[in-house]
Amino acid sequence: QVQLVESGGGLVQAGGSLRLSCAASGRTFSGYAMGWFRPTPGKERDLIAGINWSGGNTYYADSVKDRFTISRDNRRNTLYLQMNSLKSEDTAVYYCARSSTSGFSPTGQSYDLWGQGTQVTVFS
């Protein structure tokens, strides 16, 4: 069955770091743009970082810019989110998702495959 599986979440002190992974099965990964999402007030899943199929184009929401880094390893069918300088407001369930296209755009992009989510909790 085609699926995405997130891992790497956990409990971390403010100012610390975590790296999330999103492992994809088979042909579900390379050739597609990917994104990381988390809930925000008024939005069930808000895009915080995105990457095109090759990794050459990335996007970050203002809330995570300069702290988070999205990357991918197409040989390992894995998407990553390196999260540094974590804040309490980063506490959330984080989801990875596969776009239906190879290119990435922060608006108007549709996502057709979602992971189950991984919890990140940042304490002060």
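The structure presented is a predicted model; accordingly, all values stated were derived computationally and were not measured.
What you find for Y111 and F104 is that their closest heavy atoms are OH-CE1, 3.2 Å. Taking both residues in full, the closest heavy atoms of L20 and M83 are given as CG-CE, 3.8 Å, listed atom of the first, atom of the second, then distance. For G35 against L79, the heavy-atom pair with the smallest separation is O-CD2, 4.1 Å. Residues A92 and P39 come closest through the heavy atom pair CB-CD, 4.0 Å. Contact detail for A14 and S124: the closest heavy-atom pair is CB-CA, 4.3 Å. Of all heavy-atom pairs between S85 and R67, the closest is O-NH1, 2.9 Å.
Within the 4.5 Å cutoff, the side chain of Y60 has no heavy atoms near those of the D66 side chain.
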side-chain contact (heavy atoms from CB on, under 4.5 Å), that's the test. Do S71 and Q82 meet it? Break it down for me. CA-CA 8 Å; S71 63; Q82 177 67 43; over 6 Å; no
Intermediate values then yes/no, side-chain contact (heavy atoms from CB on, under 4.5 Å), L4 and M34: CA-CA 11 Å; L4 300 175; M34 301 288 293; 4.2 Å; yes
Apply side-chain contact (heavy atoms from CB on, under 4.5 Å) to the pair T118 and V93, showing each step before the final yes or no. CA-CA 5 Å; T118 186; V93 177; 6.0 Å; no
One pair to check against side-chain contact (heavy atoms from CB on, under 4.5 Å): N57 and I51. What are the steps and the verdict? CA-CA 6 Å; N57 180 29; I51 190 167; over 6 Å; no
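Looking at Q109 and T101, their side chains do bring a donor and an acceptor atom within 3.5 Å of each other. Between the side chains of S110 and S100, at least one donor-acceptor pair of N or O atoms lies under 3.5 Å.
Rounded to the nearest 0.5 Å, atoms NZ (K65) and OG1 (T58) are 10.0 Å apart. Separation of atoms OH (Y59) and OG1 (T107) is listed at 9.0 Å; rounding is to 0.5 Å. One finds the CG atom of L113 at 11.5 Å from the CZ atom of F29 (value rounded to the nearest 0.5 Å). Here the CH2-OG distance, from W53 to S30, works out to 8.5 Å after rounding to the nearest 0.5 Å. Between L11 atom CG and T91 atom OG1 the span is 8.5 Å, to the nearest 0.5 Å. Between the CG atom of N84 and the CZ atom of F68 there is a distance of 8.5 Å, given to the nearest 0.5 Å.
Below 30°, between 30° and 60°, or above 60°: for Y95 and W114 the angle between ring planes is above 60°, a perpendicular geometry.
Side chain of R76 to main chain of R72: no donor-acceptor pair is present (N/O by atom type, distance under 3.5 Å, no hydrogens or angles). For the pair E6 (side chain) and C96 (backbone), a donor-acceptor distance under 3.5 Å is present. N74 contributes no side-chain N or O that, together with a main-chain N or O of N77, makes up a donor-acceptor pair within less than 3.5 Å. The backbone N or O of K87 sits less than 3.5 Å from a side-chain atom of D90, completing a donor-acceptor pair.
Hydrophobic clustering of Ile, Leu, Val, Met, Phe, Trp and Tyr side chains at less than 4.5 Å, counting indirect connections, unites V120 with V64.
Within 6.0 Å of atom CD in E44, 12 or fewer heavy atoms from other residues, nucleotides or ligands are found, so the atom counts as exposed in its surroundings. Other residues, nucleotides and ligands place more than 12 heavy atoms under 6.0 Å from the CZ atom of F37.
Under the 6.0 Å distance and 45° angle rule, R19 counts as a cation-pi partner of Y80. In this structure, R38 is not positioned above the aromatic face of Y94 in the sense of NZ or CZ being under 6.0 Å from the six-membered ring centre and within 45° of the axis.
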